[in-house]
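The figures that follow rest on heavy atoms only: side chains count, while hydrogens, waters and symmetry mates do not. Below, chain A is the first sequence line, B the second, and so on; all start at residue 1.
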Amino acid sequence: MKHEMQDDRELALWTEATLAPLRRQMAEVDVTGSVMQRIAASRPRPVASLLPVRWQRPAWAATLVAGFAAFVLLSTTAVLMLANGDPGARDAMTLAATGGSLLLHGLNATWGVVKALAETAFALGRGGFTLLDAASPIVRAAGVLAAFCGAASIAFSALIVSRAQRHAPLVSRASWNILNGGFS
Amino acid sequence: MAAEPTDLELVQEVLAGRIEQFEILVRRYQRLVATAALRMGIPRQEIEDVANEVFYKVFRSLHRYEPSHALSTWLYRITVNAALDHKRSRRHDAKSDELSPALADDRPGQEETTGDRERAALLREALQRLPDHYRTPLVLTHVEGLPIEEVAKALNLPEGTVKSRLFRARAQLKEILRRHYPGLVPPGLVEASS
């Protein structure tokens, strides 16, 4: 092992000395411009605006104002329809109330199923634990038996290996290498 | 005088949208990338293409950079992969195959003597005979001078694998030089190496 490590270190030193001319090689390039150009070309270009620059801000403001006005108009209409007892609005309210009620009942039913399942699992777990507690001497005995069998198996294997080594024919390192295709 | 921004600061600025800051990173590392590509066996006239490709890939995957690693280690990884890809694509080109890296590379670097240049060309030729997975850790360790941990990070391999590949790569290189380039073995080390 120590000899192999020394060989490796010598080989490393040899490689270091052999490759020295490559370490003195340097390369100089200037790719800054081409890289930055390539990056710029790969980025999406901004979409050209239809309006002149001085009209862009007022256009944004006008869009916001128009959007807010539309929102106020729709909200006011909805409130007035509800307040005046419009049949369409009443139907919509009934539909929303039915949906809400259905959702509530669905959630209640789901909660009930989950609770029942959890209670069953808990009862089963408790039963299992009681069974394990009652059978603990048997489990312990099985453990001891398994350990004993393991120890016996190891002893038997050791016996077989020592007998095999005693009766095996002697083979030199060189012929072992030849047989196994290694270095001679 | 304002202090130079660190690599991490530059990366964060580029990710925040200040793309022009990437130019500083390119300037800072283009020599390292070009030299690593040359030492990986890329001919000088093709180094610019490889360096361009490396920095473009770096820019596109900058959000995946892990600050726990040095930026140079990450650049080595991308350069190694780009050099291997470049060589693979060249293998498809029959004309490029006929041109050995030694012959293609006739312009010396600034710090080389003629003897060094010839030896380096032959060494690059000898290194081309090693499989990629042996040559890469060998070059990163013994030419680029990276420690094993950095090589492992750059190649995304466990340190044990890098060590065993290095051991086999050195042994194979020794055998290649002994058989095909006996003049390249440094004098005084012949006994130690044989």
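Between A:R38 and B:E53, at least one side-chain nitrogen of the basic residue sits less than 4.0 Å from a carboxylate oxygen of the acidic one, meeting the salt-bridge criterion. A salt bridge links B:E175 to B:R179: at least one charged side-chain nitrogen sits closer than 4.0 Å to a carboxylate oxygen.
Neither the backbone nor the side chain of A:A40 comes within less than 4.5 Å of any heavy atom of chain B. Looking at B:L166, there are no atoms closer than 4.5 Å to chain A (heavy atoms on both sides), in backbone or side chain. B:L127 touches chain A through its side chain: at least one heavy atom from C-beta onward sits under 4.5 Å away, while N, CA, C and O do not.
Checking side-chain atoms of A:H105 against main-chain N and O of A:S101 turns up a donor-acceptor pair under 3.5 Å. A distance-only check finds no donor-acceptor pair linking the side chain of A:S153 to the backbone of A:C149 [under 3.5 Å]. A donor-acceptor contact shorter than 3.5 Å is absent between the side chain of B:K163 and the backbone of B:I148. Formation of a donor-acceptor pair under 3.5 Å by the B:R124 side chain with backbone atoms of B:G41 is not found in this model.
A search for side chain to side chain donor-acceptor pair (under 3.5 Å) contacts involving B:R170 returns A:D8, B:H142, not counting sequence neighbours.
Chain A is approached within less than 4.5 Å, heavy atom to heavy atom, by no residue from residues 8-15 of chain B.
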